[in-house]
Amino acid sequence: MKRFLLLMMVCCSSVLAIAPGIITNGARDKPRIALTFDADMTPGMKGLLDSGKVKSYNNTKIYVLLEKYKLKATFFLTGMWMELYPDQVKAFLKNPRYELENHSYSHPGFLQPCYGLPGVAEKNKISQVVKTKTLLEKYGIKNKFFRFPGGCASKSDVALVNKLGLEVVHWDVIGGDGGAGDAKEIVKNVLTQVKNGSIIVLHSHGGPKVRFTDAALKTIIPALLKRGFQFVKLEELLQSH
Ligand SMILES: [Zn+2]
C-alpha cells in the first residue's frame with residue numbers, strides 16, 4: 001500500500017507517450033518554450049490532506065518565482081484539486097499570464113499500467129474529462145487542452161478527448177520533479193533537454209514527494225532566459241501548429 005501511494009504521488013512521468021494525436025512540442029524554428037505545471041489530486045492524496053499527514057498540495061513558492069520574472073505559464077489542473085483550492089484558482093484567473101487547462105478529475109491512469117495510478121472504467125472516461133472541463137467553464141475559462149495523467153493513453157482515449165473538443169498536449173521535456181531527490185536532478189533534466197518549441201512538464205502540487213520544484217526553478221528560469229528563450233502560454237506556442 002505504501003508503495004502504491006508513493007507511485008500515485010510521483011507519477012507523471014518518465015516515459016513519453018507517443019500515441020497519434022498527442023502534441024509534444026511547438027514550432028522548432030523560434031526560441032519559444034512553454035513552462036507547464038500539473039496540479040495532481042487523487043483520492044489517496046486527498047486522504048493524506050484530510051488526515052493531516054500532508055499540510056498542502058499547493059506549492060505557492062512556484063507562483064512567487066513566476067511573478068518575480070513575470071513569466072507566462074500553463075497549469076493543467078485536476079478537478080479535485082480545483083475543488084480543494086478554489087482561492088488559488090481565483091488567484092490564477094487574476095493573472096493574464098497564466099493559462100488553465102484540464103488534467104482529468106481524479107488523476108486515474110486511462111491506459112494501464114500507469115505508474116501505479118488506479119485505472120478508470122471505459123464508461124467513466126468521458127466524465128473524467130467533462131467534469132473538469134465544466135469546472136473550468138464555471139470560472140469562465142474556455143478549456144482547450146487536456147493532458148492525460150501519467151501521460152498514459154491509448155489511441156481511442158486520445159480520440160475520445162478530441163471528440164469532446166479538446167487537443168491532447170503532453171511534453172517533450174520531463175523535469176522529473178516527481179520523486180526527485182534534489183533540485184540538481186531536475187535542473188539537469190530540464191537544461192539538457194530544452195530546445196526551441198519545447199513543452200516542459202513540472203508539478204505545482206508539491207507535497208512530500210515533489211519537494212524541489214521551486215528550488216530547481218530558481219536555477220532553471222534565469223538559465224533559460226540567458227539562453228534567449230521566451231516563455232509563452234501553450235495557446236501561443238501551438239498557434240501555428
Ligand atoms: Zn499528473
Side-chain angles (χ1 to χ4, degrees), residues 4-19 22-24 34-49 54 56-59 62 73-85 88-89 92 98-120 124-125 127-129 131-133 135-136 143 145-154 157-158 161 166-180 186 189-190 199-214 216 234:
F4 176 62
L5 277 175
L6 183 122
L7 281 166
M8 280 202 305
M9 290 182 290
V10 301
C11 96
C12 309
S13 163
S14 55
V15 179
L16 187 63
I18 33 177
I22 296 180
I23 296 165
T24 57
L35 189 53
T36 73
F37 297 92
D38 294 353
D40 300 355
M41 186 55 62
T42 64
M45 288 166 76
K46 186 172 182 297
L48 290 171
L49 274 180
V54 172
S56 169
Y57 279 117
N58 184 27
N59 184 355
I62 291 173
T74 301
F75 294 89
F76 281 91
L77 310 177
T78 50
M80 276 182 73
W81 188 92
M82 291 179 75
E83 287 171 348
L84 282 165
Y85 295 101
Q88 186 60 59
V89 178
F92 283 152
Y98 295 164
E99 179 180 35
L100 307 183
E101 297 292 345
N102 189 334
H103 194 39
S104 83
Y105 180 72
S106 61
H107 208 264
F110 280 59
L111 180 68
Q112 291 293 312
C114 184
Y115 310 98
L117 290 175
V120 54
N124 294 331
K125 284 182 174 177
S127 71
Q128 278 288 330
V129 181
K131 266 174 102 169
T132 300
K133 187 171 183 269
L135 271 169
L136 287 164
N143 186 196
F145 306 127
F146 182 82
R147 176 174 280 167
F148 283 99
C152 307
S154 69
D157 294 329
V158 175
V161 170
L166 305 177
E167 286 193 277
V168 177
V169 180
H170 283 179
W171 52 79
D172 65 343
V173 175
I174 297 170
D177 54 345
I186 306 163
N189 286 339
V190 175
I199 298 171
I200 303 164
V201 60
L202 289 165
H203 296 83
S204 57
H205 55 80
K209 304 296 174 190
V210 191
R211 292 164 54 206
F212 302 104
T213 313
D214 53 280
L234 270 181

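Starting from 1, each residue takes its place in the sequence as its number. As the structure lists them, so they are numbered: ligands from 1, and atoms in each ligand from 1.
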message = I'd like the atom name of the N/O/S atom in Asp40 lying closest to the Zn ion (ligand 1).
response = OD1

query = Do the ring planes of Phe146 and Phe110 sit parallel (below 30°), tilted (30 to 60°) or perpendicular (above 60°)?
reply = perpendicular

query = Any N/O/S atom, backbone or side chain, of His203 lying under 2.8 Å from the Zn ion (ligand 1)?
reply = no

request  = Answer yes or no: is there a donor N or O on one side and an acceptor on the other, between the side chain of Asp172 and the main chain of Ile199, under 3.5 Å?
outcome  = yes

request  = Please determine which of Asp40, Thr132, Thr78 meets the side chain to side chain donor-acceptor pair (under 3.5 Å) test together with His103.
outcome  = Asp40

message = To 10 degrees, how wide is the angle NE2 (His107) to the Zn ion (ligand 1) to NE2 (His103)?
response = 100°

ask   = Judged by atom type as modelled, is there a donor-acceptor pair below 3.5 Å linking the side chain of Gln112 to the main-chain atoms of Leu117?
value = yes

